[in-house]
Structures are given as C-alpha cells and as structure tokens.
2 protein chains.
Amino acid sequence: MSGKREAKKEALRQAIINAARQRIAESGLDELRARDIAKDADCAVGSLYTVFSDVDDVVLHVNSSTLTQLGSVMEAASKSADSPQEVLVALAVEYLKFATENRNIWSALFNHRLPEGAPAPEWHVAEHLVLMRWIAIPLAKLRPNLDEKALAVQSRILFAAVHGIVSLSLEGRFVAVRRRDIETQLIQFINDIIRGFDKE
Amino acid sequence: MSGKREAKKEALRQAIINAARQRIAESGLDELRARDIAKDADCAVGSLYTVFSDVDDVVLHVNSSTLTQLGSVMEAASKSADSPQEVLVALAVEYLKFATENRNIWSALFNHRLPEGAPAPEWHVAEHLVLMRWIAIPLAKLRPNLDEKALAVQSRILFAAVHGIVSLSLEGRFVAVRRRDIETQLIQFINDIIRGFDKE
DNA sequence: CCCAATTTTGAACAATGTTCATTTTTTTCT
DNA sequence: AGAAAAAAATGAACATTGTTCAAAATTGGG
C-alpha cells in the first residue's frame, strides 16, 4: 500500500506550485524566493528539492498551468464569433484581457529565463505550440492558399505581433500607451492586417 | 587644478560601462557580476559604487549607449529609401539586423528589470521616445489625416508589433521561426499593415 | 615635504539558492 | 504489535552574490 507515499508527494507538489503561483501573482516573478514558497507550502526549504529539481522547475510548472488557463481563454474566444475576422479580433482582445487581469502570472510566462544553456524541456515548448493552433484555425479560413507550414509560421508571427503590443504596452516600461487605448488600437491593428491580406 | 579628479572619475565611469557592455555582449545580462565588471575595469568592487549607485545603474548606462547606437541605425535606414513604405520596411529590417548582430546587448535593453517599484529615470525613458520619432516620420506621410497624438500612438503600436516579432523569434524560447525566414515574414508583415491602411 | 581631504580598497555582511548529514516518518517483516 | 529497514523531511551549513564601510592609499595645496 505504497500509493500513500505517491499521494503525499503529489500533494506537496501541488502545494508548492500553488504557493509559488500565489507569490508570483502577488509580487511578481522577481520577488519569488525558495524560502517563501516553502513557508507557504508548509514544508522545509529542502523538501522543495525532493519534488522539484530547483526553483526554475517550479516556475516552469506554474507557467504550465498558466498556459492551460490561457488555452481555455483562447478556446472560449474562438467560439465567441463566427467569422474568422471576428475570431482573430476576439483572440487578441481576450489575450489582452488575460494579460491585464493576470499581469504577474502572465508576465512570468515570458520573463522567466532558464540559466544559460538550459533549454526549456520539450513538454513545455509543446504547451506553447498548442496556443498557436487557436490562431491557425481562423487564419486558415482567411488565407486558404497557405499550406500547413506557412500557416504555422504566419500564426506565430501574428501571435508575436499581438504579444509585442500587449507586452510593451502593459509592462509600460517606456513606450507607454494609455491603458484604455490599447484595446482600440489592438482591434484596429488586427483589422489592418486582415485588410492587408485581402489586397495581396 | 581639481579637474584632474573629475577626469579620473569620468575615466572610471567609462571603463566600468565598457567592461559591463563587453560582459553583457559576451555572456548576456544574466551573467553580469559586479565583481567581474570591477576586475575588467581594473578597480575594486567598492569603486563601482563610488561612481554608480548600483549595478542596475551601470546597466542603465549601457542600455543608454545601445539606444544611441540604435538611433544611428534608424537614422541611416530612414535615409536609405524615399517612399515611406520603403522606409518603414527598412527600419524593421535594420532593427531585426541590429538585434541579430547584437543579440545580448539588444536584449538587455528589454530584459533588464529595475527592482520592484523603482521606475526608470526620466532621462532614460526619453531616450526611448526618440526612437519612436523615426517611425512617426514615414508613418505621417502614409496617414496624413492623423494628428500628432494619434501618430505617436500608432508609432508605438507599430514598433511594439515589430519588436514582438523580432523578440519572440530571436529569443526563440518557443514559437521559433527559422532565422532566415524572419526577415521575409517581417517585410511581408509591414506591407500587409500598410496595405491595410490604404483600405481603411 | 607635510597634512588634510578625498578616493580606493577589499574584507565583512546580508540575502538567497542549493546540498546533505541527521532526524522523523512510513513501510515491511515476523 | 513491535522492531528493523527504507524513505522522506528537515534545517543548518555552504557557495555565490550585491552592497557597505572602516581602514589604507593617494592626491592637492601650502
């Protein structure tokens, strides 16, 4: 009856991930500390290392759950409209909304850097690719002449552009644009792009 | 004759900035260490703090010089073509080129985070805005009906989109696109946008 | 050449990620 | 149930860093 061990271990894993997510949500990735996570998860610092290889590994798992959340948001947005144009706009707007409402959690997704020369594990990269699919679907309808490969590239480019706008705007380091203007701009931007397709 | 003191201090400032830039260029911002900077600049760790308030301050000055470099690149790109369309494409392509050829220095510009609640100094924010001007000039010709304010916003949005594409592509965390495809995609992207303007 | 002011120094401190010998808990065996 | 073995949890100790500051070295003026 050693399933009890596994269960406890799994409970600890979740407690640690939740504690880390909570900390990140409240104070951002930069303020995340191994000792704080352990305290919140009611375990010793050392225990963290019996379940994860290091703090980066914990962050990776937090990010993984964020991607799942984002996936749901994208799916809902995809169902919120019929025309592919409207779907692309909805995806962008919902992405902006998610980023705004979950700023720290969202930015951890992109600001987290693994140490020099440690590539993100394959399973985590795959999680990102799933998001691209939600863009590819409406895009395929707008550009039926693109093959699978070109479609994948276009999806990434479109995502990157939207992400850039959301990112530089929200992080607001410089290049600040008033918050309530961003959505308007984003919608106009997507529409400009789509109109550009038509004329190609 | 106390100008000598000032001169020495200034020399130290420059030595430290150069050492830091060199380190960042070679190993990236994440590997930057106060002790390494001091060693390269031939001074004690403590001396660094007599000239800069902390390591972040040093990075800020490295980034400042990077922005000056980028400014020159943008200026040259602006003069490389006549039509505003071509200028916008040239700006994007040169931005991509600069980022590719100066990866670590460029990414320090955007990955450097000041500690919680310490906004970038006003002089540094201003340096960023100068870059936006190079985009606004050709954009104004394409969209003559935009007032100054709307033009500034559009410039930022366009920059953010291009930056997003360059950024997610180059950092290649996920969402990887083959390096040699990025330029092609970027050019097509800018053209799509501009075509979108026409149809508005 | 000497003294006071200034600058430079690097050892010491604090914060933090990570390890590992020791203690505690759980499982297995009789 | 109780003891021995296995596994897991613990937190003190270590290594690495940014930063400080008392002491030493340097400098400029008289």
Side-chain angles (χ1 to χ4, degrees), chain A residues 1-21 23-24 26-63 108 111-118, chain B residues 1-21 23-24 26-63 108 111-118:
Chain A
M1 212 139 299
S2 73
K4 203 168 177 184
R5 283 233 187 100
E6 270 313 304
K8 251 188 101 179
K9 201 157 200 164
E10 187 53 32
L12 180 60
R13 278 179 76 80
Q14 285 309 319
I16 288 173
I17 291 175
N18 289 338
R21 180 174 32 232
R23 284 270 171 189
I24 294 174
E26 273 169 22
S27 328
L29 188 56
D30 292 343
E31 305 296 319
L32 191 65
R33 301 285 177 271
R35 284 169 176 77
D36 291 337
I37 298 173
K39 195 185 299 176
D40 292 355
D42 252 318
C43 66
V45 222
S47 295
L48 194 152
Y49 294 86
T50 66
V51 189
F52 293 99
S53 62
D54 51 29
V55 174
D56 284 326
D57 192 20
V58 178
V59 175
L60 230 51
H61 281 80
V62 171
N63 283 348
N111 290 336
H112 179 235
R113 302 260 176 276
L114 291 168
E116 180 91 17
Chain B
M1 208 144 297
S2 74
K4 205 167 178 184
R5 286 236 182 97
E6 269 312 304
K8 251 187 98 179
K9 201 158 201 165
E10 187 53 31
L12 180 60
R13 278 178 76 81
Q14 286 308 320
I16 287 173
I17 292 175
N18 289 337
R21 181 175 30 234
R23 284 271 171 188
I24 293 174
E26 272 169 23
S27 328
L29 188 57
D30 292 343
E31 305 296 319
L32 191 65
R33 301 285 177 270
R35 284 168 177 78
D36 292 336
I37 298 174
K39 194 184 301 175
D40 292 355
D42 253 317
C43 67
V45 223
S47 294
L48 193 152
Y49 294 87
T50 66
V51 188
F52 293 99
S53 62
D54 50 29
V55 174
D56 283 327
D57 191 21
V58 177
V59 174
L60 229 52
H61 281 80
V62 170
N63 283 348
N111 291 336
H112 180 235
R113 301 261 176 276
L114 292 167
E116 179 90 16

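The sequence lines fix the lettering, A, B, ..., with proteins before strands; numbering per chain opens at 1. As the structure is a computational prediction, the values presented were derived from the model and not from experiment.
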What integer distance in Å separates Arg13(B):CZ from dT8(C):C1'? 17 Å

Whole-Å distance, Asp42(B) CG to dT8(C) P, equals 13 Å

Can you tell if the side chain of Leu29(B) reaches within under 4.5 Å of the side chain of His112(B), non-hydrogen atoms only? yes

Walking DNA chain D from its 5' end, the first of Arg35(B) and Cys43(A) to be reached, judged by nearest nucleotide, is Cys43(A)

Give Leu32(A) one of three labels, base, sugar-phosphate or nothing, depending on what nucleic acid heavy atoms sit under 4.0 Å from its own. sugar-phosphate

Might you point out which heavy atoms bring Ala108(B) and Asn63(B) nearest each other, and give the distance in Å? O-ND2, 3.3 Å

note: Leu29(A), atom CG; dT16(C), atom P; distance rounded to Å ~ 14 Å

Can you name the closest pair of heavy atoms from Ala19(B) and Asp40(B) and give their distance? CB-CB, 3.6 Å

Ile37(B) CD1 to dG18(D) C1', straight-line distance once rounded to whole Å: 11 Å

Hits for side-chain hydrogen bond (donor to acceptor under 3.5 Å, both in side chains) against Asp42(B), two or more places apart or cross-chain, chain-then-number order -> none

Round to the nearest Å and state the distance from Lys39(A) atom NZ to dT16(C) atom C1'. 13 Å

Starting the side chain at C-beta, find the nucleotide from dA8(D), dG10(C), dG11(D) nearest to Val45(B). dG10(C)

Let me know the distance between CD of Glu6(B) and P of dT6(C), rounded to the nearest Å. 13 Å

Under-4.0 Å salt bridge between Lys9(B) and Glu6(B): no

Nearest to side-chain heavy atoms of Arg33(A), which nucleotide of dG17(C), dA9(D), dG11(D): dG17(C)

Are Phe52(A) and Ile17(A) close enough, and set up right, to give a side-chain contact (heavy atoms from CB on, under 4.5 Å), and what steps lead you there? CA-CA 10 Å; Phe52(A) 293 99; Ile17(A) 291 175; 3.6 Å; yes

Under a 4.0 Å heavy-atom cut-off, which of residues 47-61 of chain B touch DNA chain C? Ser47(B), Thr50(B)

Starting from P on dG17(C), measure out to CD1 on Ile16(A) and report it in whole angstrom. 14 Å

What's the NZ-C1' distance between Lys8(B) and dT8(C), to the nearest Å? 8 Å

Distances under 3.5 Å between nitrogen or oxygen atoms of protein and nucleotides 3-5 of chain C:
none

For the residue pair Arg13(A) and Val51(A), what are the closest heavy atoms and their distance? CG-CG1, 2.8 Å

Between Arg23(B) and Glu31(B), is there a donor-acceptor pair closer than 3.5 Å when you use the side chain of the first and the backbone of the second? no

Can you give me the closest heavy-atom contact between Tyr49(B) and Val55(B), atom names plus distance? OH-CG2, 4.0 Å

